[in-house]
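Remember, predicted model here, so these are calculated numbers, not experimental data. Below, all heavy atoms of this structure are taken into account, side chains as well, without hydrogens, waters or symmetry copies. Index from 1, following the sequence.
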Amino acid sequence: IMVHSTLALSLLLIAVSSNLAMAIKKEKRAPQTLSRGWGDEITWVQTYEEGLYQAKKSNKPLMVIHHLEDCQYCQALKKAFAENEEIQEMAQNNFVMLNLMHETTDKNLSPDGQYVPRIMFIDPSLTVRADITGRYSNRLYTYEPQDMPILIENMKKALRLIQTEL
């Protein structure tokens with residue numbers, strides 16, 4: 001009986017410690033809540049204000065993605081954005097990144113309306129770049145999944161503008 005209870009106790013301890021180890025491992029993993037599926041390798045800022053601060057401090061442009069969880073166009077754009085390696089790499093290395101599921105109080109971020117999805121660039125001097133737009137005249141800052149080449153060009157343009165304005 002002694003061997004039996006020792007064995008049972010050992011098994012119980014092993015079970016508890018492995019569950020504990022799994023819980024600790026889960027805790028250690030960086031929370032991906034801020035990426036919201038736009039790119040888990042990208043470092044995301046939490047608020048527009050933090051984004052502006054980081055852009056100024058790091059001398060990198062801020063890319064703001066406005067989207068909604070239940071918007072099919074946002075979901076399609078998110079998928080194309082997340083799957084595009086060039087965009088992911090530039091976003092991770094050259095931009096301060098923010099994705100927002102609500103409007104900001106900054107009216108400069110909705111110059112032609114509060115539609116989603118909407119991607120805008122703010123340079124380190126904290127100027128919203130009205131000159132970096134997508135291909136639609138009625139919704140200047142909207143992009144569709146097939147517009148990834150345009151978005152890549154606009155990201156490069158945002159980076160060039162900073163270099164020429166320094």
Side-chain angles (χ1 to χ4, degrees), residues 26 28-166:
K26 277 189 190 123
K28 274 190 182 166
R29 210 185 66 201
Q32 290 305 336
T33 51
L34 290 179
S35 95
R36 299 186 180 96
W38 289 89
D40 289 346
E41 299 305 309
I42 297 170
T43 304
W44 297 89
V45 294
Q46 213 157 350
T47 63
Y48 180 55
E49 293 69 27
E50 184 189 350
L52 293 174
Y53 173 78
Q54 290 294 341
K56 197 169 182 65
K57 194 176 93 168
S58 66
N59 202 41
K60 290 179 178 179
L62 169 63
M63 183 193 290
V64 182
I65 304 170
H66 291 271
H67 64 103
L68 292 171
E69 205 54 58
D70 55 1
C71 158
Q72 65 180 11
Y73 304 105
C74 299
Q75 293 300 331
L77 180 64
K78 178 194 297 191
K79 186 177 187 318
F81 187 98
E83 289 174 357
N84 188 299
E85 286 180 28
E86 191 174 359
I87 288 176
Q88 290 291 305
E89 190 179 326
M90 275 198 289
Q92 174 65 21
N93 298 322
N94 306 99
F95 288 84
V96 174
M97 297 295 296
L98 172 65
N99 70 70
L100 288 177
M101 291 173 53
H102 56 82
E103 284 300 328
T104 65
T105 52
D106 187 341
K107 294 294 169 243
N108 295 315
L109 288 180
S110 51
D112 64 339
Q114 296 191 340
Y115 53 87
V116 291
R118 193 165 84 241
I119 299 179
M120 301 187 73
F121 296 91
I122 294 101
D123 67 30
S125 75
L126 307 187
T127 304
V128 175
R129 298 309 301 223
D131 55 344
I132 304 179
T133 58
R135 65 185 170 106
Y136 302 99
S137 55
N138 60 335
R139 292 186 166 197
L140 293 175
Y141 306 97
T142 211
Y143 295 85
E144 292 186 337
Q146 65 270 26
D147 298 334
M148 292 305 97
I150 298 169
L151 182 58
I152 289 169
E153 278 314 302
N154 283 343
M155 291 171 81
K156 289 178 179 174
K157 184 177 180 182
L159 294 172
R160 275 195 309 274
L161 285 169
I162 289 170
Q163 286 155 358
T164 56
E165 289 172 5
L166 283 180

- What do the steps show when you test L62 against Q54 for side chain to side chain contact (heavy atoms under 4.5 Å, CB included), and what is the final call? CA-CA 8 Å; L62 169 63; Q54 290 294 341; over 6 Å; no

- Item | Verdict with supporting geometry, K156 and E86, salt bridge (charged side-chain N to carboxylate O under 4.0 Å, His left out) | CA-CA 11 Å; K156 289 178 179 174; E86 191 174 359; 3.2 Å; yes

- Task: Decide yes or no on side chain to side chain contact (heavy atoms under 4.5 Å, CB included) for I119 and L151, but give the supporting numbers first.
- Result: CA-CA 9 Å; I119 299 179; L151 182 58; 4.0 Å; yes

- Message: Set out, in order, the CA-CA distance, both residues' side-chain angles and the distance that settles side chain to side chain contact (heavy atoms under 4.5 Å, CB included) for R129 and L161, then state yes or no.
- Response: CA-CA 10 Å; R129 298 309 301 223; L161 285 169; 3.6 Å; yes

- Task: Quick one: do F81 and I42 satisfy side chain to side chain contact (heavy atoms under 4.5 Å, CB included)? Show the steps, please.
- Result: CA-CA 12 Å; F81 187 98; I42 297 170; 4.2 Å; yes

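Every residue was checked against the ring-ring contact (aromatic ring centres under 6.0 Å, His included) condition with Y141, not counting sequence neighbours, and none meets it. Residues meeting the salt bridge (Lys or Arg N to Asp or Glu O under 4.0 Å) test with E69, sequence neighbours left out: K78. Residues satisfying the side-chain hydrogen bond (donor to acceptor under 3.5 Å, both in side chains) test with K157, not counting sequence neighbours, are none. For E85, the side-chain contact (heavy atoms from CB on, under 4.5 Å) criterion is met by no residue, not counting sequence neighbours. Not counting sequence neighbours, the partners of E83 by the side-chain contact (heavy atoms from CB on, under 4.5 Å) test are K79.
T142 places no side-chain N or O within donor-acceptor distance of the main-chain N or O of R118, the cut-off being under 3.5 Å. A donor-acceptor distance shorter than 3.5 angstrom exists from the side chain of N93 to the backbone of E89, with no hydrogens or angles considered. Under the 3.5 Å distance criterion, the side-chain polar atoms of N99 are matched with a main-chain donor or acceptor of S35. With hydrogens and angles disregarded, no donor-acceptor distance shorter than 3.5 Å links the side chain of W38 to the backbone of L98. With D147 contributing its side chain and I150 its backbone, the two residues share no donor-acceptor pair below 3.5 Å. No side-chain donor-acceptor contact under 3.5 Å links Q114 to the backbone of H102.
Nearest heavy-atom pair, P117 versus Y73, reported as atom, atom and distance to 0.1 Å: CD-CB, 3.9 Å. Between L52 and L126, the shortest heavy-atom distance links the atoms O-CD2, 3.5 Å. Residues L77 and P145 approach most closely at N-CG, 4.0 Å, considering heavy atoms. When all heavy atoms of I162 and P61 are compared, the pair lying nearest together is CD1-CD, 3.0 Å. For the residue pair S125 and T127, the shortest heavy atom distance occurs at OG-OG1, 2.9 Å.
Side-chain atoms of L140 and P111, non-hydrogen and from C-beta on, never get closer than 4.5 Å to each other. Using a 4.5 Å heavy-atom threshold, the side chains of N94 and M155 count as separate.
Counting non-hydrogen atoms of other residues, nucleotides and ligands closer than 6.0 Å to CD of Q92 gives a total above 12. Residue Y115 places its OH atom among more than 12 non-hydrogen atoms of other residues, nucleotides or ligands, all under 6.0 Å distant.
Once rounded to the nearest 0.5 Å, the distance linking CG of N154 with CG of L159 reads 11.0 Å. The CE atom of M97 sits 11.5 Å away from atom NZ of K60, with the distance rounded to the nearest 0.5 Å. Once rounded to the nearest 0.5 Å, the distance linking OH of Y143 with CD1 of I65 reads 10.5 Å.
A tilted orientation is assigned to the rings of F121 and F95, their planes being inclined by 30° to 60°.
Counting only residues at least two apart or in different chains, salt bridge (charged side-chain N to carboxylate O under 4.0 Å, His left out) contacts with residues 104-116 are absent.
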